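Within every chain, numbering begins at 1; the chains are lettered A, B, ... in the order of the sequence lines, protein sequences first and strands thereafter. Quick note: numbers below take in every heavy atom, side chains included, and nothing from hydrogens, waters or symmetry partners. Values in this document were obtained by computation on a predicted structure and should not be read as measured data.
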Amino acid sequence: MEEDTGVLPRKDDFSQWYNEILWRAEVMDVRYPVKGLYVWYPHGFAVRKRAYGILRDLMDRDHAETMFPLLIPETEFMKEATHIKGFEDEVYWVTHGGRNELDVPLALRPTSETAIYPMYSLWIRSHTDLPLKLYQVVNTFRYETKHTRPLIRLREITSFKEAHTVHATREEAAAQVEVALGLYREFYDSLRVPVIVSRRPAWDKFPGADYTIAVDTVMPDGKTLQIGTVHMLGDHFSRTYDITYEDANGEQQYVYQTCYGISERSIAAVISVHGDDKGLVLPPEVAPIEVVIVPIIVGKRRDEVLSAAGALEEEFRNAGFAVKLDAREMRPGAKYYHWEMRGVPLRIEVGPRDIDANTVVAVTRSGKKTTLDRRGVVEGVCSILGEFGEELSQTARQAMADRIIVAATMEETAAAVKNGVAVVHWCGSQECAEKIETAVDASIIGSDIRSDLIAVSDGPCVACGGNGTSALIARTY
RNA sequence: GGGGCAGUAGGGUAGCCUGGUCCAUCCUAGAGCGUUUGGGACGCUUUGACGGCAGUUCGAAUCUGCCCUGCCCCA
């Protein structure tokens, strides 16, 4: 395990900052000797565990959790033509068992449609089997050729939460897309991460989907990070995999499907959106340690202070907080830096002065210091943490708002995407999209924007002057 | 996809061109002992490395080849 001393690069230098915080805050170790694969430190994994706990709770309201195999036979994988096209260049293949070549090569799932849908074909018989809503949290593999980056561009995505739903009608499936978007919004609200929802351009949709609606956030360097996608699959896959049901009239009908996913990019977003020059800043909702108690040990009152700190710890634990008493033989200042790096939302200090005054000192990760009465300490901490979470939401929201710039010309757009997201009018054609992308060195993120930070309007396309509507342009991860 | 540069202990570096010691060095690194403790303490003792595989050689961190990993530039 690494020590946390030393200076983190300033967050202004985001790329450097991101690389260093991952190991200094014990999130990921990037030294695993295979490109694109990284190791979760226990602390990083504990953050993941809490975040995915929230996600699971959301899914469990209306989905059932399942688990499909990692390996997909080539014969199934190759059935859906557009789907294959989207993935064939980045699939890992298992070709041997020991020294023997396999008759049918097995793909390491890059996503699980082709593993799940053949089984759906067997499971779904009647309209009474519908709707079917399953999800799984699994690892997936993609042979990325571009620059890999921990939590963001991986060859093994270790935490892919993918849901696959099946419906009797296209309308029902379309409605499910909206339900999924609602769940994802709720999830990111819990993580205090602001998002923009938009419809991806046709050429950027999921291979095999009718349309894709994406959830993006804006990183500190102004690039967008896709942190969730919801796909309307229509009946493409049901026709390929022969997923049919007998309707009330006794006739066979193809089903309509959706799928939607979130990966550990959600963790990258939490780290990047909230972190600062001192390290991680974790929302209480996902912090593995919500409250750290630092006893201020002074010479002969050592035992007294330690037992006061122990009593506090027990009180917090009984109240349901994830609490940690740091009784290590270190100077208090060193402990402060240690826990600040790891993003602990609240620090409680107890020393002789506090014992005499019957108080404790509470300091939030954002630096707000409060002296609390020892008696109502649990209630006091509860409300401080609540406010702290709210503060994170507001700060992050404001930071994102500041990076969204409405642009009317190519020049304005080019300037805007240097450190943020541009909102421009675009006619929707691929030709104009390419013109814009080349001119401003950024990508069309989407249209049909849904964000209370962005006012959508109609206007002349920034490229051709024809009828256009608001679209997002940004550099992307 | 094309090109360039690099990899030395937990982290940071020197040495490499021009092969040769008992010991390379720095740190907010590790282990141990003691004194300390309201924002990164100090002293002493000590541990630990030349990315991997092969080759050349009496001898390789140093030269050659391949591989892996990382970074930068171009498409």
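When the P atom is compared between rA49(B) and rG11(B), the two are found 13 Å apart, to the nearest whole Å. rA9(B) and rC50(B) have their P atoms separated by 8 Å, with the value rounded to a whole Å. Between rU57(B) and rG12(B), the two C1' atoms lie 33 Å apart (nearest whole Å). Remark: the separation of the P atoms in rC71(B) and rU35(B) is 47 Å, to the nearest Å. Look at the C1' atom in both rG3(B) and rU21(B): the space between them is 41 Å, to the nearest Å. For rG15(B) and rA75(B), the C1' atoms lie 38 Å apart once the distance is rounded to whole Å. For rA6(B) and rA61(B), the C1' atoms lie 14 Å apart once the distance is rounded to whole Å.
In this structure, rA54(B) forms a base pair with rU64(B), meeting either the Watson-Crick or the G-U wobble geometry with both donor-acceptor distances under 3.5 Å. If you check rA24(B) for Watson-Crick or wobble pairing at under 3.5 angstrom, you find it paired to rU13(B). Across all strands shown, rC33(B) pairs with rG43(B); the Watson-Crick or G-U wobble distances both stay below 3.5 Å. In this entry rU69(B) has rA6(B) as its Watson-Crick or G-U wobble partner, both defining distances falling under 3.5 Å. Searching all strands for a Watson-Crick or G-U wobble partner of rG1(B) with both distances below 3.5 Å returns rC74(B).
Checking rC71(B), rG11(B), rU36(B) against the side-chain heavy atoms of R331(A) singles out rU36(B) as nearest. Closest contact between the side chain of E329(A) and the listed nucleotides rU37(B), rG39(B), rG1(B) involves rU37(B). Taking the side chain of R31(A) as heavy atoms from C-beta on, and the options rG38(B), rG10(B), rG40(B), the nearest nucleotide is rG10(B). Comparing rG38(B), rG39(B), rU37(B) against the side chain of K278(A) picks out rG39(B) as the nearest. For K35(A), taking side-chain heavy atoms from C-beta onward, the closest of the listed nucleotides rG10(B), rG70(B), rG39(B) is rG70(B).
We find that CE of M341(A) is positioned 16 Å from P of rU28(B), with the value rounded to whole Å. If you measure from atom CH2 of W339(A) to atom P of rG39(B), you get 19 Å, rounded to the nearest angstrom. If you measure from atom NE2 of H338(A) to atom C1' of rU37(B), you get 17 Å, rounded to the nearest angstrom. Rounded to whole Å, atom C1' of rU37(B) lies 13 Å from atom CZ of R353(A). Remark: C1' of rC68(B) and CZ of R155(A) are 12 Å apart, rounded to the nearest angstrom. The distance between atom CG of L22(A) and atom C1' of rG11(B), rounded to the nearest whole Å, is 16 Å. The distance from atom CE of M330(A) to atom C1' of rU28(B) is 11 Å, rounded to the nearest whole Å.
E340(A) contributes no side-chain N or O that forms a donor-acceptor pair with the base of rG40(B) under 3.5 Å.
Put simply, the side chain of R200(A) reaches to within 4.5 Å of the side chain of I445(A), judged on heavy atoms. Using a 4.5 Å heavy-atom cutoff, the side chains of F206(A) and E113(A) are in contact. Side-chain contact between T224(A) and Y477(A): absent, with no pair of heavy atoms (C-beta onward) separated by less than 4.5 Å.
In this structure, R155(A) is not positioned above the aromatic face of F141(A) in the sense of NZ or CZ being under 6.0 Å from the six-membered ring centre and within 45° of the axis. Note that R109(A) lies outside the cation-pi zone of F68(A), set by a 6.0 Å cut-off to the ring centre and a 45° limit from the axis.
Nearer to the 5' terminus of RNA chain B, by closest-nucleotide assignment, is the contact made by T145(A) (compared with the other of R347(A) and T145(A)). Toward the 5' end of RNA chain B, the nearer of the two residues Y38(A) and V298(A), judged by each one's closest nucleotide, is V298(A).
A donor atom on one side chain and an acceptor atom on the other are found under 3.5 Å apart for E156(A) and N139(A).
Taking the 5.5 Å centre cut-off and the 30° plane limit, the aromatic side chain of Y337(A) is classed as stacked on rG40(B).
Only one option out of Y260(A), Y117(A), Y135(A) pairs with H164(A) in a ring-ring contact (aromatic ring centres under 6.0 Å, His included); it is Y117(A).
Of the side-chain N and O atoms in R24(A), none sit less than 4.0 angstrom from OP1 or OP2 of rG11(B). For H147(A) and rC71(B), the shortest distance from a side-chain N or O to OP1 or OP2 is below 4.0 Å.
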